[in-house]
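Here the structure is laid out as structure tokens; the discussion comes afterwards.
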Protein chains: 2
Amino acid sequence: MDELDARIVRLLQANARQSNRELARTLGIAPSTCLERVRTLTRRGVIRGYHAEVDLPAMNRDVQALVSVQMRRHSRPIYEAFRDAAKNWREVITLFVVSGEHDIVMHVAVPDSDSLHSFLVDRLATRQEVARFQSSLIFQRIHNNVLDVLDSGD
Amino acid sequence: MDELDARIVRLLQANARQSNRELARTLGIAPSTCLERVRTLTRRGVIRGYHAEVDLPAMNRDVQALVSVQMRRHSRPIYEAFRDAAKNWREVITLFVVSGEHDIVMHVAVPDSDSLHSFLVDRLATRQEVARFQSSLIFQRIHNNVLDVLDSGD
DNA sequence: AGTGAAAGACATTTAAA
DNA sequence: TTTAAATGTCTTTCACT
């Protein structure tokens, strides 16, 4: 993971669909070198995949919320059962398993506030694993790419 | 946004770097048709970009946390000043502006627990806009693609 | 809206430094 | 590791449906 690898990762995070040639041109290296670098990064698991970013409102998901869930008991089967159900709900964009006051935090996206209510009441409240939950509306969401390797020990 | 568009979005979310030809083959349409569809989806803002997914541990970010921040006062200049500072911090992967008990929730990723402590004490606690914050460690993070349009009214 | 054909651009392999 | 060259594949345009 040298400086060139870091630049490749940075550029592919910003635009994953640029051609290998364009990438190589930007970096000032030969296309074959660039291709080999990207392959190695992928083989080593540094690059995990490439994904299109979709606009949630355009997909009829105008309402977003963070929903924090507290389990009835902190046993593994309890939270695992809930997690495995929740990760298949189409409203859930990201699911975090966390420590602290709550056990699960979900980023959900739904068409409108009725759908959010229905999600909370029909999906969440009906689960036996769930003790309590609270939700907060998301007004804005800003994503950063992982730009630099912090304090690398290499 | 018909069924074909939805299938294109779904496939590009799963793998943004497959060739247009492969995409067309999967969908059973001509490459030129597929290209035009993707262009239209991009022009309409449904597809916002393509990004490489990076493995955080491989980038020396073994510790992740959700950090919830409460502002001193709920005025626009206060939270905007904080938000604009926070979105440039390299530890911050995603920043949510929310309603409810907290005003900002940040997903942060750092090398180790020392770095997390330093982030909380040196970056957060020193900000005048911040009244209180609490953090919870992330043990697992599961991301879902937006598979289907929910209850589309089209 | 969707298509096939054509031209040029690109990915990928290979041999060599 | 890196490269240039070569080959086969792909992107992209366009005339036509």
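Each chain gets a letter, A, B and so on, in the order the sequences are listed, and its residues count up from 1.
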Exercise. Is there side-chain contact between A:Asp112 and A:Ser115, with heavy atoms separated by less than 4.5 Å?
Worked result: yes
Problem set entry | Non-neighbouring partners of A:Arg123 that pass side-chain hydrogen bond (donor to acceptor under 3.5 Å, both in side chains), sequence neighbours left out | A:Glu91
Exercise. Rounding to a whole Å, what distance do you find between A:Asn20:CG and D:dT11:C1'?
Worked result: 15 Å
Exercise. If you measure only the distance, is there a donor-acceptor pair under 3.5 Å linking the side chains of A:Asp103 and A:His74?
Worked result: yes
For this session: Let me know the distance between CZ of A:Arg17 and C1' of C:dA11, rounded to the nearest Å.
Result: 14 Å
Exercise. In whole Å, what is the span from the CD atom of A:Glu22 to the C1' atom of D:dT12?
Worked result: 15 Å
For this session: Round to a whole Å and report the spacing from CZ of B:Arg21 to C1' of C:dT12.
Result: 16 Å
Exercise. Any side-chain heavy atom of B:Leu41 within less than 4.5 Å of one from B:Met1?
Worked result: yes
Exercise. Can you name the closest pair of heavy atoms from A:Asn144 and B:Val92 and give their distance?
Worked result: ND2-O, 3.1 Å
Problem set entry | Check ion pair A:Arg17-A:Glu22 (N to O, under 4.0 angstrom) | no
Problem set entry | Candidate list A:Glu53, A:Gln13, A:His51, test side-chain hydrogen bond (donor to acceptor under 3.5 Å, both in side chains), partner B:His51, passing option | A:Glu53
Exercise. For DNA chain C, what is the dot-bracket line, given that a base pair needs Watson-Crick (N1 to N3, plus N6-O4 or O6-N4) or G-U wobble (N1-O2 and O6-N3) geometry with both distances under 3.5 Å, and | means paired with another strand?
Worked result: .||||||||||||||||
For this session: Take atom NE2 of A:His117 as the centre, draw a 6.0 Å sphere, and report whether it contains more than 12 heavy atoms from other residues, nucleotides or ligands.
Result: no
Seminar exercise, completed: Here the residues of residues 24-49 of chain A within 4.0 Å heavy-atom distance, strictly under, of DNA chain C are A:Ser32, A:Leu35, A:Arg39
